[in-house]
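Please read these numbers as outputs of a predicted model, since none were measured by experiment. Values reported hereafter were calculated over all heavy atoms of this structure, with side chains retained and with hydrogens, waters and symmetry mates removed.
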Amino acid sequence: MATGNDADQDTRSLADIERTIDEKFRDSYSEQIWNKGPVELLVYAITVVFFLYHLWYAQTFQLPRARHGIIHLAMVLSLWGIIQMLDEDWSATTGKAKTVGYALYSVISVIPLYYIQSNYDQIRLTAGVYTDTAIISGVLVILLVLVALAHVSRLITGIALVGLVYSYFGPLMPGLLSHRGLTVQRIITMNTVEMEGLLGTLLQISATWVVIFLILAGLMEKYGGMATFIKGMTRLAARRKYIEIGQVAVAASMFMGSINGSTAANTATTGAFTIPLMKENGYRPKIAAAIEAVASCGGQVLPPIMGAGAFLMAELIDPNYSDIVIGAIAPAILFFLTVSVAISLSTSNSVSTTITTEPDPRGLGKRLFDIVRHFEYIGMFAILLWWLIGIGADPMVAGFYAIVSLMGLRLVRVAFEVVTDAKEEDLAAAFKLFLRESLEGMRRGAEATLNITILLASLGIVIRALIVTGFAQQLSSYLVLLSGGVVVVMLFLAMLAAIAFGMGMSTTAAYMIVAVLVAPSLVQIGVQEFTAHMFVFYFAIVSNITPPIALSVIIGQGIAGSDFWETAVESLRIGFPMFLLPFAFFYNEALLYPSPMTLVAFVIVFAGFVSVSIGLTGYIRQQIPTLLRPVFLLLGLGAIFVPTMIGQVLLVAAIVAACGYFLRSGSVDVTTPAEG
């Protein structure tokens, strides 16, 4: 297969690609930290306090969770204000005014939260009877959070304001939206001093489970874990002729997306590297952008973190955290295997194999050893999984031990490399670099926490309004009534509602909205609670690649320079597993609830997905006749959704036979790559 253009030929060595990876994901610290400005130094100082405080709390749990959340929010708002000062131009009059404003914000943000925290016991004991000072403090907290939120997300700001307005003007609302209305004081207290709403569950999740893993992710990134992971995947993906960069992009985005909790942020960060790299290796811009958008969404479904989704779910429903993580493994693996197949089929007739990469001369064993020698990451993951799943400990405790083990093992590796002359530097210099990387990792984790904390706290306002006014309960009953109690109809309504509510939002925000508004309607008609929440969770994520908003597609096509609608179509084609998987694990519950039948269900559903992918792309090492594409689609859908095991097995046998026929029959010469 050729592109018909010999000028496109290019050869890149693995070393070239690895240098590109290091340039993107590894930082150099040529500037001494003491040479930075006073505001920068203040940020570092607060970052260290932030880090030590959360590690202390993870180890001791000496404060009530709500009280810890208040302290966490105070630190977040104060640090947010100081970081905003760094972006202002002090030489300009406007910059000076904004700098002073942010400085005042940082100080003022601590005052009302300090009052609530220091009078926590008294406020709890006098519930329902609050002093004027407590109410004023509540007003200030709401305003301070909304100011920060306006810089983070205008969409969520608007939604939060609508939640406040809706709480008051209920009697003026029509039909389903109507309620008796709440007083201004009730709106303030239910979101603050009652330790609900803004200061409620979502803030507490951010202050415990989310923050500890974001700190861990920050340390991993600055220690070079991201670069190491991508380079390892690149080497393992090396082929005799070329590296399948699309698969490397999927692996990289899968890894980062599971940790950072935002498909949009993941598309922007990993996509800035993977999309140009895919384009350089023959991928069409629209396909490169689509692959990154879909892979970034998929990272949210990958255990054990699931972009904070597992933490939120564990707080909302009965299964504990480890049960949720274990149940999510099979669907996540199924998703990435199917997406990998879809990428291979989509690019096999459009990516030129004349663009080659010099093969790694080492054997598979030595390539694996190149990964294993980074024992600090392997050791950290082993300890993390042991505490999370083996012991079933609180995720914050597991995160604590993961952080301690990562830092300890990293220090051991630094010393080991110096002693064995793996690095040409003395121990003091290596230890100094370790401290700098640790400090930068702490800062990266703290900064990543800011936006998520502000978003989750603000969503607490919305969720509280929906529940107290009764709208969430009414909507759930209305959806059940609209479906007539028919499960299939209810599933489609839930899918549409979850996608609609999730458009333009981060994954955490989207899931929380649909978990409150949509999931209860599924439970009401008899769907198991975990199944219902996983169903809406997947579709909340899918909204990131669903037009007309499709945030991940917008970011990806902006980096790739491709057309939005063409990229969106490719994203939908490659990302089809995310649309079918929720239905698949509803009709094949062994995928979510581990049992001896899980492996059987996995193989059957995977075969079905492969068949559907072939039908969508029209390719199996060669173009298949157009008339056979709907046949593959029907075979695949039948294998996934036919209610009898015998029927599923027969359909899978037919799929295997059909694939085998086309694989044995050789390839068709395609001189011009197809657009699809």
Side-chain angles (χ1 to χ4, degrees), residues 46-80 106 109-125 127 134 137-138 140-142 144-145 148 189-218 261 305 308 310-312 314-316 320-321 387-388 393-404 442 445-461 463-464 508 512:
I46 295 177
T47 291
V48 172
V49 174
F50 186 89
F51 173 80
L52 293 175
Y53 168 73
H54 285 89
L55 251 63
W56 168 81
Y57 183 79
Q59 178 63 15
T60 63
F61 288 91
Q62 287 192 4
L63 295 174
R65 200 176 183 199
R67 195 167 185 173
H68 164 66
I70 295 168
I71 297 172
H72 171 80
L73 182 61
M75 298 176 75
V76 163
L77 294 181
S78 182
L79 182 58
W80 179 85
S106 297
S109 63
V110 176
I111 296 173
L113 290 165
Y114 174 79
Y115 171 82
I116 296 173
Q117 194 280 139
S118 60
N119 293 276
Y120 177 83
D121 292 331
Q122 181 182 351
I123 291 172
R124 298 288 288 180
L125 289 172
S137 296
L140 283 175
V141 171
I142 293 173
L144 289 164
V145 170
T189 57
M190 77 179 190
N191 281 300
T192 53
V193 290
E194 290 181 13
M195 307 305 164
E196 296 288 350
L198 192 150
L199 297 182
T201 300
L202 295 184
L203 172 64
Q204 293 161 28
I205 292 172
S206 175
T208 52
W209 298 346
V210 174
V211 65
I212 204 73
F213 282 94
L214 288 177
I215 291 173
L216 176 63
I305 302 173
F311 304 142
L312 298 173
E315 187 70 26
L316 295 174
N320 60 38
Y321 177 82
W387 281 93
L388 278 179
D394 184 283
M396 197 170 194
V397 174
F400 167 82
Y401 284 109
I403 289 172
V404 171
M442 295 174 196
E447 289 181 348
T449 305
L450 303 185
N451 288 357
I452 291 182
T453 296
I454 293 167
L455 281 172
L456 287 177
S458 304
L459 282 173
I461 297 174
I463 301 301
R464 188 68 170 157
T508 50
M512 282 309 306

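- Closest heavy-atom contact between Met396 and Ala207: CE-O, 3.7 Å.
- At least one donor-acceptor pair closer than 3.5 Å links the side chain of Ser458 to the backbone N or O of Ile454.
- Judged by distance alone, with hydrogens and angles left aside, the side-chain atoms of Ser118 form a donor-acceptor pair with the main-chain N or O of Tyr115 at under 3.5 Å.
- For Tyr120 and His68, the ring centers sit 6.0 Å or farther from each other.
- Side-chain contact between Trp387 and Phe400 is absent, with no heavy-atom pair separated by less than 4.5 Å.
- Checked for salt-bridge contact, Arg464 and Glu194 meet the test: a charged N lies under 4.0 Å from a carboxylate O.
- The structure places CG of Leu214 at 4.5 Å from CD1 of Ile452, a figure rounded to the nearest 0.5 Å.
- You'll find the side chain of Thr208 stays beyond 4.5 Å of the side chain of Asp394, heavy atoms only.
- His72 and Thr449 make their closest contact through CE1-CG2, 3.6 Å (heavy atoms, listed as atom of the first residue, atom of the second, distance).
- Under the salt bridge (charged side-chain N to carboxylate O under 4.0 Å, His left out) criterion, Glu447 pairs with Arg443, not counting sequence neighbours.
- Considering all non-hydrogen atoms of both residues, Gly197 and Asn191 come closest at CA-OD1, 3.6 Å.
- A heavy-atom distance below 4.5 Å is not found between the side chains of Leu316 and Thr201.
- To the nearest 0.5 Å, atoms CG (Leu144) and OG (Ser137) are separated by 10.5 Å.
- The shortest non-hydrogen separation linking Val397 to Ala58 is CG2-O, 3.8 Å.
- Checked options Ile212, Val210, Leu388, Ile205; the residue passing with Pro395 is Leu388 (criterion: side-chain contact (heavy atoms from CB on, under 4.5 Å)).
- Between Tyr321 and Trp209, the angle of the ring planes lies from 30° to 60°, which puts this pair in the tilted group.
- Screening Leu77, Val76, Leu140, Thr192 for a side-chain contact (heavy atoms from CB on, under 4.5 Å) involving Leu113 leaves a single residue, Leu77.
- A salt bridge links Arg65 and Glu315; the closest N-O separation between the charged side-chain nitrogens and carboxylate oxygens is under 4.0 Å.
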